[in-house]
Amino acid sequence: MVSPLTHPAPHTGDIRLVVLDMAGTTVADGGLVELAFDTAARRMGVEPGTPRHAEQLAYVRATMGESKISVFRHLFADPDGDPRATEEAAQRANRAFETAYGTLVDAGRIAPVPGAREAIEALQAAGRTVVLTTGFARVTQDAILDALGWRDLVARTLCPADAGGRGRPYPDMVLTALLHTGAADDVAQIAVAGDTSYDMIAGRRSGAAVVAGVRTGAHDTAQLRAAGATHVLDSVAELPALLGVV
């Protein structure tokens, strides 16, 4: 449970930097994470329908939004505690996952969340800087951007590797967005939006004034609130209005 905000309620119109998650928030992928995980699990000798697969899938669902390599380090930790063996297994699983997800993306299995592109364009037209972030590897993020025609939509996109290797729930990508863009003078001028508890935790840890959960992805209102959401929206399409952009 994230501690309550200790500073006054934010003036949402003062936001200068908006950090948005991709899958589940601005991008609708229709459960491709689970499909790609099934492929990776098979490559690692874990068959769907087995108790181990069910346990691992539950963990994948619970940690939506986290860096995928971190998830695989947990799922395929070496039973003898050998860190090198753990890392080798995690990297192998992650490569299989990213390849499978990329294949699904190339097959046209993703689309923008309705109103997402328009929301991003409206925020930028109003002078806000928008950064897109993901827990995927750069190669997968680029495949998504290419599939949607979003390469030039925003000036900056970030994956965990761009922020020193740590993804959500760490605040590193949000703070890297601040450092790389120089768009805000204070973390209180940052808004974060995402569909998972990990997005909310990362936003709160970064000090962002607005940490908005959206109900278009993995986690519901109760989960988003419990993780520290300052606002819960039906969709990222509502974000411009929340930030005073009309």
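For the residue pair A119 and A237, the shortest heavy atom distance occurs at CB-CA, 4.1 Å. For the pair A229 and M200, the tightest heavy-atom approach, listed with the atom from each and the gap, is CB-SD, 3.5 Å.
Distance check, rounded to the nearest 0.5 Å: CG of L132 to SG of C159 gives 12.5 Å. Going from atom NE2 of H219 over to atom OG of S197 covers 5.0 Å, rounded to the nearest 0.5 Å. In this structure, CE in M173 is found 9.0 Å from CG in D162, a value given to the nearest 0.5 Å. How far CZ of R225 is from NE2 of H231: 8.0 Å, rounded to the nearest 0.5 Å.
The main-chain N or O of L20 is found under 3.5 Å from a side-chain atom of T133 such that the two form a donor-acceptor pair. At least one donor-acceptor pair under 3.5 Å links the side chain of Q141 to the backbone N or O of L158. A donor-acceptor pair is defined here as one N or O able to donate and one able to accept, closer than 3.5 Å; no such pair exists between the side chain of R73 and the backbone of T86. Counting only distance, with no hydrogens or angles, the side chain of D80 and the backbone of D82 share no donor-acceptor pair below 3.5 Å. Using modelled atom types, one side-chain atom of R128 and one backbone atom of A126 make a donor-acceptor pair closer than 3.5 Å. In this structure, Q189 contributes its side chain and D185 its backbone to a donor-acceptor pair below 3.5 Å.
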What's the verdict on side chain to side chain contact (heavy atoms under 4.5 Å, CB included) for F76 and Q56, showing C-alpha distance, side-chain angles and the deciding distance?
-> CA-CA 10 Å; F76 297 105; Q56 290 189 342; 3.7 Å; yes
Run the numbers on V71 and V60 for side chain to side chain contact (heavy atoms under 4.5 Å, CB included), then give the verdict.
-> CA-CA 7 Å; V71 172; V60 168; 4.3 Å; yes
Show your reasoning for whether side chain to side chain contact (heavy atoms under 4.5 Å, CB included) applies to V187 and L175.
-> CA-CA 8 Å; V187 291; L175 297 176; 4.2 Å; yes
Determine, step by step, whether I190 and V19 satisfy the side chain to side chain contact (heavy atoms under 4.5 Å, CB included) criterion, reporting the C-alpha distance in whole Å, the side-chain angles of both residues, the deciding distance to 0.1 Å, and the verdict.
-> CA-CA 7 Å; I190 301 174; V19 181; 4.3 Å; yes
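Counting non-hydrogen atoms of neighbouring residues, nucleotides and ligands closer than 6.0 angstrom, the CZ atom of R151 exceeds 12 such neighbours.
A salt bridge is defined here as a Lys NZ or Arg NE, NH1 or NH2 lying under 4.0 Å from an Asp or Glu carboxylate O, and D21 with R168 meets this definition. E121 and R117 are joined by a salt bridge, as a carboxylate oxygen and a charged side-chain nitrogen come within less than 4.0 angstrom of each other.
A donor atom on one side chain and an acceptor atom on the other are found under 3.5 Å apart for D199 and T196.
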List the atom pairs, with distances to 0.1 Å, where a side-chain N or O of residues 34-47 and a protein N or O form a donor-acceptor pair under 3.5 Å, not counting sequence neighbours.
from: E34; atom 1: OE1; to: R61; atom 2: NH2; distance (Å): 3.1
from: E34; atom 1: OE2; to: R61; atom 2: NE; distance (Å): 2.9
from: D38; atom 1: OD1; to: H53; atom 2: NE2; distance (Å): 2.8

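The hydrophobic clustering, which links ILVMFWY residues whose side-chain heavy atoms are closer than 4.5 Å, places I15 and L178 apart. Follow the hydrophobic side-chain contacts under 4.5 Å out from F136 and you reach M22 in the same cluster. Under the 4.5 Å side-chain heavy-atom criterion for grouping Ile, Leu, Val, Met, Phe, Trp and Tyr, V236 is connected to I144 within one hydrophobic cluster. Under the 4.5 Å side-chain contact rule for hydrophobic residues, I69 and L57 do not share a cluster.
With contacts defined as side-chain heavy-atom distances shorter than 4.5 Å, the pair Y170/I201 does not qualify.
Between R215 and the choices D195, D220, T221, the side-chain hydrogen bond (donor to acceptor under 3.5 Å, both in side chains) rule is met once, by T221.
With sequence neighbours left out, H180 forms a ring pair (Phe, Tyr, Trp, His ring centres under 6.0 Å) with no residue at all. Residues passing the side chain to side chain contact (heavy atoms under 4.5 Å, CB included) test with D29, sequence neighbours excluded: A23, L32, V33, Y101, I110.
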